[in-house]
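Quick notes on the structure that follows.
Just the heavy atoms: all of them, side chains too, but no hydrogens, waters or symmetry mates, feed the values below.
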Amino acid sequence: MANPMRSDAVEPFETTVLSLSNDVPTEDAANRRTGERHMTLFRVGSFDMDGRRELCLIKNISAGGMMIRSYCDLQPGRRLTVELKCGQPVSGTVSWAKEPYAGVAFDQPVDVIDILSASQSGPRPRMPRVEADCPATLREGATPHRVWVSDISQGGAKIRCKLVLAAGTPVVLTVPGLAPIAGVACWSDGENVGVSFNRLLPLAEMVHWLKVQRGERQSLN
């Protein structure tokens, strides 16, 4: 059985979230708090502004923009260039700023799945999570429950449901398009359940699933 507190479990850490949406992360997302019990392990990024390089923490990346925690003053309208992948700068404009967070709208949409694939190389404290918002089934013993997957990584998922499961409870998560995934509940608050997978979801399988999800979203637009 997997250790529910291993480094790739979905909680109690708060990490950078990737989204397939074309929208820029909003100021409302900066106000969300997960509680002091959660450690933040946001992805470290950098951007060039006025000829100088600044470091930042990336809280959220979407196809259309990102939300960062900046260590310098940023004002709406400021132009900057972000390096999301090594050697591939992306230009954008600060769309909103609420210290210490700021939203950046990219000039052109980026390929979030490509960023996810690139993030798997080299050392990392945690695997990136990707927003999912899709129906699924969570089986506890012989009892299936209809749930919604809020986000997913290779190592786990955050499930939206009313269940309260003790840490270590064996479960099986079935998401349309993926084979059933065995795991354990690692936390539960009555509104959401964190599931740590017993095995890592293969990257190629996850990327293929995300491409299908993106195609379904585009067909609805």
Under a 4.5 Å cut-off applied to non-hydrogen side-chain atoms, are L201 and W209 in contact? no
Are any side-chain N or O atoms of S188 and backbone N or O atoms of L165, one a donor and one an acceptor, separated by less than 3.5 Å? yes
Hits for side chain to side chain contact (heavy atoms under 4.5 Å, CB included) against V24, two or more places apart or cross-chain, chain-then-number order -> S95, A105
Could you state whether L178 and V147 fall into the same hydrophobic cluster, counting links through intermediate Ile, Leu, Val, Met, Phe, Trp or Tyr residues with side-chain heavy atoms under 4.5 angstrom apart? yes
Locate the shortest heavy-atom distance separating N192 from S150; write the atom from each residue and the value. OD1-OG, 4.4 Å
When you measure from the side chain of T174 to the backbone N and O of I181, does any donor-acceptor pair fall under 3.5 Å? no
Under the rule for side-chain hydrogen bond (donor to acceptor under 3.5 Å, both in side chains), what residues qualify as partners of E99, not counting sequence neighbours? none
Please tell me whether W148 and W187 are part of a single hydrophobic cluster in this structure, the criterion being side-chain heavy atoms less than 4.5 Å apart. no
Is there a side-chain contact between E131 and V17 in this structure, where contact means two heavy atoms from C-beta onward sitting under 4.5 Å apart? yes
I'd like to check the side chain to side chain contact (heavy atoms under 4.5 Å, CB included) partners of Q75; sequence neighbours left out, ordered by chain and number. D73, R78
Mind checking whether F197 and V172 sit in one hydrophobic cluster, side chains of I, L, V, M, F, W, Y counted as touching below 4.5 Å? no
Check whether any side-chain heavy atom of T93 sits under 4.5 Å from a side-chain heavy atom of F106, and report yes or no. no
By side-chain hydrogen bond (donor to acceptor under 3.5 Å, both in side chains), S91 pairs with (sequence neighbours left out) none
Stepwise side chain to side chain contact (heavy atoms under 4.5 Å, CB included) check, L80 with V104: CA-CA 9 Å; L80 48 78; V104 177; 3.8 Å; yes
Residue pair V195 / V193, side-chain heavy-atom distance below 4.5 Å: yes
Which residues pass the salt bridge (charged side-chain N to carboxylate O under 4.0 Å, His left out) test with E54, not counting sequence neighbours? R52
V171 vs R139 side-chain heavy atoms within contact, under 4.5 Å: no
Which residues pass the salt bridge (charged side-chain N to carboxylate O under 4.0 Å, His left out) test with D107, not counting sequence neighbours? R79
Any ion pair linking R160 and E191 (charged N to carboxylate O, less than 4.0 Å)? no
Check whether any side-chain heavy atom of R69 lies under 4.5 Å from a side-chain heavy atom of K59, and answer yes or no. no
